[in-house]
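Note that these values count all heavy atoms, side chains included, but never hydrogens, waters or copies made by symmetry.
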Amino acid sequence: MREQYGSLVPVQLAPGVPATLVIGYYTALRIFNDPERFPADPRGWQQNVAPDCPVLPLMQWRPNARRNDGAVHARYRQAIVAGLADVVPYRVHDTVEQVAVQLINSFCEDGSADLIRQYAFPLTFAVLNVLMGCPTEIAQRAAAGMAAMFEGVDAERGGRVLIESLLELIDLKRTEPGDDVTTRIIRHSTDLSDSEIVNQVATLYGAGIEPLQNLIVNALRVILTDEQFGGSVVGGSLSTRDALDEVLFNDPPMANFCFTFPRQPILIDDFWLPANQPVVISLAGCNTDPVIGTDQHIGNRAHLAFGGGPHLCPANSLAYLIAQDAIDQLLDGLPELRLGVPAAELTWRTGAFHRALTALPVHFPASPPLTSV
């Protein structure tokens with residue numbers, strides 16, 4: 001793509017859905033930091049998109065921080081930031097540890113496991129439910145709806161399931177408030193409507209399950225398949241944080257994301273961007289752009305995996321904390337983990353946006369259950 005097109009590449013997100021993919025690091029920074037010319041509001045684009053388009057549910061306008069700009073965006077983001085502000089890191093650490101020990105104990109005597117189905121997904125799911133104050137049954141439906149949207153399979157129904165389930169959560173929190181992110185968003189001084197509240201909560205679920213699960217899994221894949229790197233992490237010369245940064249550069253959990261929709265044609269990098277056509281930042285492509293001139297990612301936080309500009313992910317430090325604790329708990333509990341299949345046999349899920357394995361099988365010496373602290 002770089003050889004043929006440079007930093008901006010014409011693509012199709014689905015059949016008949018043209019877009020421009022940004023694979024240039026500095027071009028992406030310009031776009032992130034210019035919301036006037038590159039707004040996040042997709043309504044001019046989506047009015048000409050078929051209702052059954054598989055990527056529409058993930059990209060369409062909603063009353064949330066991700067799909068708005070200016071004062072509207074600021075209002076929504078204030079509620080989200082306030083909801084996250086009172087999350088106490090040491091409590092999150094304790095929650096991750098408690099959930100991780102329970103999950104490890106469920107398979108440690110078997111000598112094998114699928115680290116997605118048996119560890120990464122149920123851990124991120126359980127931790128997020130605690131943070132959001134969401135009962136498991138409601139959250140299960142929300143997670144299934146979000147997964148369908150990311151994969152573009154029955155995505156329209158998935159979007160409906162997500163919103164319907166989270167509306168139940170909002171109703172519950174109005175009658176049974178708690179010390180959780182959802183309650184704080186409901187009570188925020190911006191006085192959001194039910195529709196606005198549910199869409200901010202949906203944004204947090206979208207960022208808190210699928211991408212976080214993929215971050216944990218992709219980092220574990222690096223640790224298990226890169227002998228030098230894996231040995232260094234387990235041996236202590238490199239930290240889990242270093243492994244996460246390596247993944248956020250080279251294998252980010254959202255490979256292509258961060259949509260903008262120019263309202264008029266724009267010339268950038270000698271390429272005309274059409275009006276009302278998606279411009280999609282390839283986080284994976286930008287992070288590996290040769291112009292940034294480094295293969296050394298240890299201790300380097302310059303990746304774009306959390307976006308940039310006004311729409312920079314407000315929960316990036318929380319994502320680091322949960323992912324790092326999840327990996328550390330697993331490696332401490334089962335230090336002799338090894339990949340259960342040849343690395344070349346690992347397969348990836350479908351979908352234009354996420355970078356997600358279908359399974360991560362591992363073997364290890366059968367071990368007695370861990371003792372909870």
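Counting only distance, with no hydrogens or angles, the side chain of Thr358 and the backbone of Thr347 share a donor-acceptor pair below 3.5 Å. Checked by atom type and distance alone, the side chain of Asn214 never pairs as donor or acceptor with a backbone atom of His354 at under 3.5 Å. Side-chain atoms of Asp110 never come within 3.5 Å of backbone atoms of Ser112 as a donor-acceptor pair (strictly under, hydrogens ignored). A distance-only check finds a donor-acceptor pair linking the side chain of Gln200 to the backbone of Ala65 [under 3.5 Å]. Judged by distance alone, the side chain of Thr183 and the main-chain N or O of Pro177 form no donor-acceptor pair under 3.5 Å. Thr95 contributes a side-chain N or O that, together with a main-chain N or O of Arg91, makes up a donor-acceptor pair within less than 3.5 Å. Put simply, the side chain of Asn105 never gets that close to the backbone of Pro369: no donor and acceptor are under 3.5 Å apart. Under the 3.5 Å distance criterion, the side-chain polar atoms of Lys173 are matched with a main-chain donor or acceptor of Gly133.
Phe306 is linked by a ring pair (Phe, Tyr, Trp, His ring centres under 6.0 Å) to His303, Tyr320, counting only residues two or more places apart in sequence or in another chain.
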ask   = Are Ile209 and Phe121 close enough, and set up right, to give a side chain to side chain contact (heavy atoms under 4.5 Å, CB included), and what steps lead you there?
value = CA-CA 7 Å; Ile209 293 182; Phe121 171 73; 3.9 Å; yes
request  = Output, in order, the C-alpha distance, side-chain angles, deciding distance and verdict of side chain to side chain contact (heavy atoms under 4.5 Å, CB included) for Leu339 and Leu346.
outcome  = CA-CA 10 Å; Leu339 198 61; Leu346 294 173; 4.2 Å; yes
request  = Please lay out, stage by stage, how Asp41 and Phe261 fare under the test side chain to side chain contact (heavy atoms under 4.5 Å, CB included).
outcome  = CA-CA 7 Å; Asp41 188 329; Phe261 304 84; over 6 Å; no
key: Glu246 and Asn250: CA distance, side-chain angles, deciding distance, side-chain hydrogen bond (donor to acceptor under 3.5 Å, both in side chains) verdict   = CA-CA 6 Å; Glu246 181 74 15; Asn250 284 328; 2.9 Å; yes
request  = Report the C-alpha distance between Asn64 and Arg67 in whole Å, list the side-chain angles of each, state the deciding distance to 0.1 Å, and finish with yes or no for side chain to side chain contact (heavy atoms under 4.5 Å, CB included).
outcome  = CA-CA 6 Å; Asn64 64 22; Arg67 294 288 174 265; 3.5 Å; yes
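Tyr76 places none of its side-chain heavy atoms less than 4.5 Å from the side chain of Thr203. Pro89 is listed as a side-chain neighbour of Leu321, based on a closest heavy-atom distance under 4.5 Å. Asn68 has its side chain out of reach of His311: every pair of non-hydrogen atoms, C-beta onward, lies at least 4.5 Å apart.
For Glu336, the CD atom is loosely surrounded, since the number of other residues' heavy atoms within 6.0 Å does not exceed 12. The number of heavy-atom neighbours closer than 6.0 Å to CD of Gln47, taken from other residues, nucleotides and ligands shown, is above 12.
Tested against Thr240 for a side-chain contact (heavy atoms from CB on, under 4.5 Å), the candidates Leu330, Asp328, Leu220 yield a single pass: Asp328.
The list of salt bridge (charged side-chain N to carboxylate O under 4.0 Å, His left out) pairs with a residue in residues 192-219, not counting sequence neighbours, reads Arg75-Glu196, Arg174-Asp194, Glu210-Arg349.
Phe38 and Phe259 have their aromatic ring centers separated by at least 6.0 angstrom.
Cation-pi check for Arg43 over Trp61 is met; the charged atom lies under 6.0 angstrom from the ring centroid and within 45 degrees of its normal.
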What pairs of donor and acceptor atoms, side-chain ones from residues 266-281 against any protein atom, are under 3.5 angstrom apart with sequence neighbours left out?
{"unit_1": "Asp269", "atom_1": "OD1", "unit_2": "Arg30", "atom_2": "NH1", "d": "3.1"}
{"unit_1": "Asp269", "atom_1": "OD2", "unit_2": "Ser7", "atom_2": "OG", "d": "2.6"}
{"unit_1": "Asp269", "atom_1": "OD2", "unit_2": "Thr27", "atom_2": "OG1", "d": "2.4"}

